[in-house]
**Q** 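The structure is given below, and queries will be raised subsequently.
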Amino acid sequence: MKIFLCVDAAQATALAGAQVQQQIMRKPESVLGFATGGTMEALYAELIRLHRHQALSFAGVRSFNLDEYLGLSGTHSHSYSHYMHQHLFDHVNIQPQHIHLLQGDAADPVVEAQAYEQRIQSVDGIDLQLLGLGENGHIGFNEPSSSLASRTRVKRLAPDTLAANQRYFSADISQPTHALTMGIGTIMDARQVVMLALGTKKADAVAHMIEGPISARWPASVLQMHPQTTVILDAPAAQHLACRDYYTAVHPMGLVE
Ligand code: PGA
């Protein structure tokens, strides 16, 4: 695991953007795994900035999103499909036929999940998977107790995930209780993982992920077994890490300044 401890969220977000930029410059036909959530919004704004001002081209990029709410169509205002168009796809030159999203309203979610796995395989897998981190340690919607070898499937959302995401749902739109999500095994197959976790609320999960035992209680801890994972943190998210000085010495990103 490479651990980058940044001074603040802006530096961390810029660094994550640079990782994506370098990947696309290395391989313009990269297969990128995209995540959603509040943390990713600023990262996608950074990717749009790089597209507009540094000519970062998404013309060859193919994308697979991590997850989608079960029961929501891709055009639903609270779907992750809608989120992706609003925060990234509508603002860069990604080709519509290169975008892969789980269909939350698929007639048969089991078939949809298996077909998604096959689509990932048909493009020779994911080059770089972006991840956020749940306060309960989830990646995608792989909640605590998820099999560390799981593939894309339906998961019931944990109470703390429902509570954390409740702010996005108003009284007239009921919050989905289930989601389709890439499995942990699916995520682990990505050749590179870039995780961005910001703020005090993530500090416990960050400490378990990096310094705790590998456990389904904290699904992100499985990333300790991934050969090419970069974890990018701001100071509040890193506050419970015991070996901060060591991580800073290995990759001085700003905390020592
Ligand atoms: P957040 O969500 O970026 O909104 O905190 C991250 C996650 O739950 O994976």
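Here the structure is a predicted model, which means the values were calculated and not measured. Ligands are counted one by one from 1 in listed order, and the atoms in each one are counted from 1 as well.
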**Q** Does the ring center of Y168 lie less than 6.0 Å from the ring center of H78?
**A** no

**Q** Mind checking what residues have non-hydrogen atoms under 4.0 angstrom from ligand 1?
**A**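 Within the 4.0 Å shell of ligand 1, which is judged on heavy atoms, sit G37, G38, T39, G132, L133, G134, H138, R167, K202.
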
**Q** Taking side chain to side chain donor-acceptor pair (under 3.5 Å) as the test, write out the residues that go with R191, two or more places apart.
**A** D127

**Q** Could R244 and E211 be called an ion pair, given the rule that one side-chain N must be under 4.0 Å from one carboxylate O?
**A**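 The answer is no: the pair does not qualify as a salt bridge.
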
**Q** Got a sec, which residues hit side chain to side chain donor-acceptor pair (under 3.5 Å) with T13, two or more places apart in sequence or on another chain?
**A** none

**Q** Might you confirm whether atom NZ of K201 has over 12 heavy atoms from other residues, nucleotides or ligands at distances under 6.0 Å?
**A**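 Count not over threshold, so no.
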
**Q** Can you run down the side-chain hydrogen bond (donor to acceptor under 3.5 Å, both in side chains) pairs that involve residues 84-98, sequence neighbours left out, and say none if there aren't any?
**A**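 Passing the test, one end in residues 84-98: S57-N93.
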
